[in-house]
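Residues take their numbers from the sequence shown, with the count starting at 1.
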Amino acid sequence: MFEAQFRSIKAIPNTYYIIVIEDTSTKQIVANGTIVLERKFTHETGIVGHLEDIVVDANYRGQQLGKMYVASLFWYLNQLALIYVTFKPY
């Protein structure tokens with residue numbers, strides 16, 4: 001089921017961006033999130049960014065990792081000149 005969903009997401013280029021943070025000392029993913037770009041007919045066919053599914057591993061919470069992660073993702077989204085951005089942490 002996971003593999004099929006991954007393939008369907010991958011088949012839609014320039015829409016889904018799954019970003020992870022890896023602890024290189026343990027080779028484990030410690031945070032992840034998804035950016036979804038939605039193309040609109042309104043606002044001169046602009047693009048809306050959706051920041052979703054932000055998760056930080058329980059062992060890494062309390063270290064401000066999530067705050068830095070979200071700030072970095074918003075910085076990236078701001079570079080795309082989007083109409084607006086929505087944020088759904090989970």
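Here the CG atom belonging to Leu65 is positioned 9.5 Å from the CG atom belonging to Asp23, to the nearest 0.5 angstrom. The CD atom of Glu52 lies 6.0 Å from the OG1 atom of Thr86; values are rounded to the nearest 0.5 Å. The structure places OH of Tyr17 at 13.5 Å from CG of Leu73, a figure rounded to the nearest 0.5 Å.
The shortest side-chain heavy-atom distance between Glu22 and Gln28 does not fall under the 4.5 Å cut-off. Considering only heavy atoms from C-beta on, Ile83 stays 4.5 Å or farther from Ile47 through its side chain. In this structure the side chain of Arg7 never reaches within 4.5 angstrom of the side chain of Lys10, judged on heavy atoms.
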Side-chain atoms of residues 29-40: list all donor-acceptor pairs with protein atoms under 3.5 Å, sequence neighbours left out, distances to 0.1 Å.
{"unit_1": "Glu38", "atom_1": "OE1", "unit_2": "His50", "atom_2": "NE2", "d": "2.6"}
{"unit_1": "Glu38", "atom_1": "OE2", "unit_2": "Lys40", "atom_2": "NZ", "d": "3.3"}
{"unit_1": "Arg39", "atom_1": "NH1", "unit_2": "Asn14", "atom_2": "O", "d": "3.0"}
{"unit_1": "Arg39", "atom_1": "NH1", "unit_2": "Leu37", "atom_2": "O", "d": "3.4"}
{"unit_1": "Arg39", "atom_1": "NH2", "unit_2": "Asn14", "atom_2": "O", "d": "2.8"}

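No chain of hydrophobic side-chain contacts below 4.5 Å, direct or via other Ile, Leu, Val, Met, Phe, Trp or Tyr residues, connects Phe87 to Tyr84. A single hydrophobic cluster is not seen to contain both Leu80 and Ile18; linkage of ILVMFWY side chains at heavy-atom distances under 4.5 Å, directly or through other members, places them apart. Clustering ILVMFWY residues whenever any of their side-chain heavy atoms sit less than 4.5 angstrom apart, transitively, puts Val48 in a cluster other than the one holding Leu82.
In this structure, Val70 and Ile54 approach most closely via the heavy-atom pair CG2-CG2, 3.9 Å. For Val20 against Tyr69, the heavy-atom pair with the smallest separation is N-OH, 4.1 Å.
Remark: Gln5 engages Ser8, Ile9 in a side-chain contact (heavy atoms from CB on, under 4.5 Å) (not counting sequence neighbours).
Other residues, nucleotides and ligands place no more than 12 heavy atoms under 6.0 Å from the CZ atom of Phe6. Taking a 6.0 Å sphere around CD of Gln79, one finds it holds more than 12 heavy atoms contributed by other residues, nucleotides or ligands. Within a 6.0 Å radius of OH in Tyr16, other residues, nucleotides and ligands contribute 12 heavy atoms or fewer.
Within the 3.5 Å criterion, the main-chain N or O of Met68 finds a donor-acceptor partner in the side chain of Ser72.
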